[in-house]
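Here is the structure we will look at, set down as structure tokens.
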Amino acid sequence: MAVNYLFNYPFEIAFGALFFSIVGYVLYQRFFHPLAKYPGPFLASLTDLWQVHQFMTLKQPYNLTKLHEKHGSIVRYGPDKLSITDEEAIKLIYQSGAKYMPKTEFYDAYGAAHPNIFGMRDESAHSIRRRHMSHSFSISYVKEMEQYLDVNIKILRGKISEFAANNQKFDLKKALHYYVIDTLGELAFSQTFGIQVSDDESRVPPVIEHSLLAAVTGAWPMMTKRLKRWLPLVPHKGLKALFQGRKACADLASRCVNVRLNALRNSSESKTSAPERKDILTNLINAKHPDTGKHLTQTDLETEAFGFIIAGTHTTSATTTLLFYHLLNHPDLMAKCVAEIDTNLPQLHEDESAYSVSAAESSLPYLRNCMKENFRVTPVFTMPLARRVLKPEGIIIAGNHIPYGTSIAVCNHAFHHNPEVFGANHNTFDPSRWDEPEIATKAKLLMHFGLGGRQCIGKTVAMTNIYKLMSTLLSEFEFELAEQKESDITSVKSAFSDVPELISVGISDLAKPLMVKATKRTRVNP
Ligand code: HEM
């Protein structure tokens, strides 16, 4: 009788089973899951698609920051994911406890079959790769390469001088971006990409497209591999553009590696040729595995070169643009920076293109505070830096037990805007806060470059660029906003907020161009 019933109503039975499974799943996730006690959006506790959607809005870090404002320092932002802004989390996740907390599958979306240093989840493989690279990113090495930055700053100064002579407004964000891409080419591959001179936007590597694709697909780890395979087949214009962007970056990386390998082969075959110029890639080509003595494969070299282009361009230019943004919107602070440069650095001679990083770094403490404050208020590497808890007994953060297997992350924008750590005025761009001893001790918590063994390997390159650009450009030119005043430019800005309208593809940037006018300065102190 019961069997007959099943045969007569197969659809109803299947529907009923599905219904009860869904209800069971929802009840489990909301009330019985080990993370059920942590607050967060209802949908986020059920599916990673919530986080996929967040990245698609281009507002992921800012929405997450609002969730922390509402719920406190721990937010459940995925079925197995917690975002944390408690001060105690920083050391535990990224420094002292990092051994038990490797990167999660989120990072798989950032590389190909062979992960690069950024995407590697195997910590021992990562530490060997990091050793291969560390010399190329050291301060002494970057100083050796400074001459190549100078050549490019000279080009940038020439362009700005022309705008100034013609009283023409221009997009400083674009000018800085072009400069940073060309210098990355010089440092990493011994070749400029020639974007500053050609002013050709089509040469800009489509880093944003790749980053967005990676963030969106990585946010749904269970599907990342399938999405990588199937999404390119979907006939959607926007989606196609993202994949074409990724391919263009990969092709560029591959070309750079080929050019370099050929140059090295040619120079070793012809004994008469001059010694080859060094660069980050060449050092990596020459590096050997400490145990096996093997060199990296061409595929490995290409994935690393791809990583340099992705991690090293948009990040530095967005950071420098935001620093200009803050100073332009606070003319009093801009004036202090300029006065400090005039007092502490001699005017550049005609044959000098830029200040050296040593001079700028050692004599401009106020600029240093402005840079730090820019990193705090508007960090650009804003994706959640997700780690998997692998201690069998879990971990305790701020008295809360976080079980084995949980994906935990700090989003630096959310953390830098935690009022309990940085004060009620955390939305204010106030470089002088770093003179207060209590706040100064918090500098070690700033997460703009990440922290611990996986922190940014390129930070010296980035800081060198920012010091040189700021000191040289502010010494040479007076800048002013060409169009709207701050209140028109910003939209998430409230009466107490210096946070401009930003967009994020995992990496953040000012949403709009930064239109400025420049005038050649006559220095008070020659
Ligand atoms: C202002 C500019 C920059 C910012 C804000 C920045 C930020 C970051 C952050 C937060 C991380 C850690 C990611 C994590 O824990 O998952 C990171 C890693 C990394 N960055 Fe940067 N970065 C910048 C510039 C650069 C430059 C110029 C390069 C090199 C050309 C670079 C190459 C890398 C690499 C290779 C990693 C992976 C390191 C590892 O896992 O060992 N970055 N960066």
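Each ligand, and each atom within it, is numbered from 1 in the order the structure gives.
Contact annotation for Thr316 and ligand 1: heavy atoms of both the backbone and the side chain come within less than 4.0 Å of the ligand.
The nearest heavy-atom contact from the protein to atom 16 (O) of ligand 1 is Tyr107 OH, 2.5 Å. Looking from atom 40 (O) of ligand 1 to the surrounding protein, the closest heavy atom is Arg454 NE, 3.0 Å. Looking only at heavy atoms of the protein, atom 5 (C) of ligand 1 is closest to His448 O, 3.5 Å. The protein heavy-atom contact nearest to atom 1 (C) of ligand 1 is Thr319 OG1, 3.4 Å.
In this structure, Phe415 has its ring center under 6.0 Å from that of Phe422. Ring centroids of His330 and His326 are separated by 6.0 Å or more, keeping the two rings apart.
Each of the atoms 29 (C), 30 (C) of ligand 1 lies under 4.0 Å from some heavy atom of Phe137. Heavy-atom contacts of Leu184 reach the following atoms of ligand 1: 30 (C) (cutoff under 4.0 Å). Which parts of ligand 1 touch Arg130 is read off a 4.0 Å heavy-atom cut-off, strictly below it: atoms 38 (C), 39 (C), 41 (O).
Within the 4.0 Å heavy-atom cutoff, Met133 does not count among the residues contacting ligand 1. Not a single heavy atom of Tyr94 lies less than 4.0 angstrom from ligand 1.
Residues passing the side-chain hydrogen bond (donor to acceptor under 3.5 Å, both in side chains) test with Ser358, sequence neighbours excluded: Lys143. Taking the side chain to side chain contact (heavy atoms under 4.5 Å, CB included) definition, one finds that Ala287 meets it with His132, sequence neighbours left out. Scored by the side chain to side chain contact (heavy atoms under 4.5 Å, CB included) test, Lys372 finds Asn369, Trp434, Ala443, Leu446 as partners (sequence neighbours excluded).
In the displayed structure, Lys442 atom NZ is contacted under 6.0 Å by more than 12 heavy atoms of other residues, nucleotides or ligands.
Checked for salt-bridge contact, Glu146 and Lys468 meet the test: a charged N lies under 4.0 Å from a carboxylate O. Note on Arg376 versus Glu373: salt bridge recorded, some NZ/NE/NH1/NH2 to OD/OE distance being below 4.0 Å. Salt bridge present: Lys247 and Asp251 bring a charged side-chain N and a carboxylate O closer than 4.0 Å. With respect to the salt-bridge test (charged N to carboxylate O, under 4.0 angstrom), the residues Lys225 and Asp108 do not qualify. Of the charged side-chain nitrogens involved, none lies within less than 4.0 Å of a carboxylate oxygen, so that Arg129 and Asp122 do not count as a salt-bridged pair.
Protein-derived N/O/S atoms nearer than 2.8 Å to atom 21 (Fe) of ligand 1 total 1, waters excluded.
Residue Asn412 has no nitrogen or oxygen atom sitting less than 3.5 Å from a nitrogen or oxygen atom of ligand 1, judged on distance alone.
Looking at heavy atoms from C-beta onward, Phe189 lies in side-chain contact with Leu184 at the 4.5 angstrom threshold.
If you check each of Arg387, Gln455, Lys103 against atom 15 (O) of ligand 1, the one with the closest non-hydrogen atom is Arg387.
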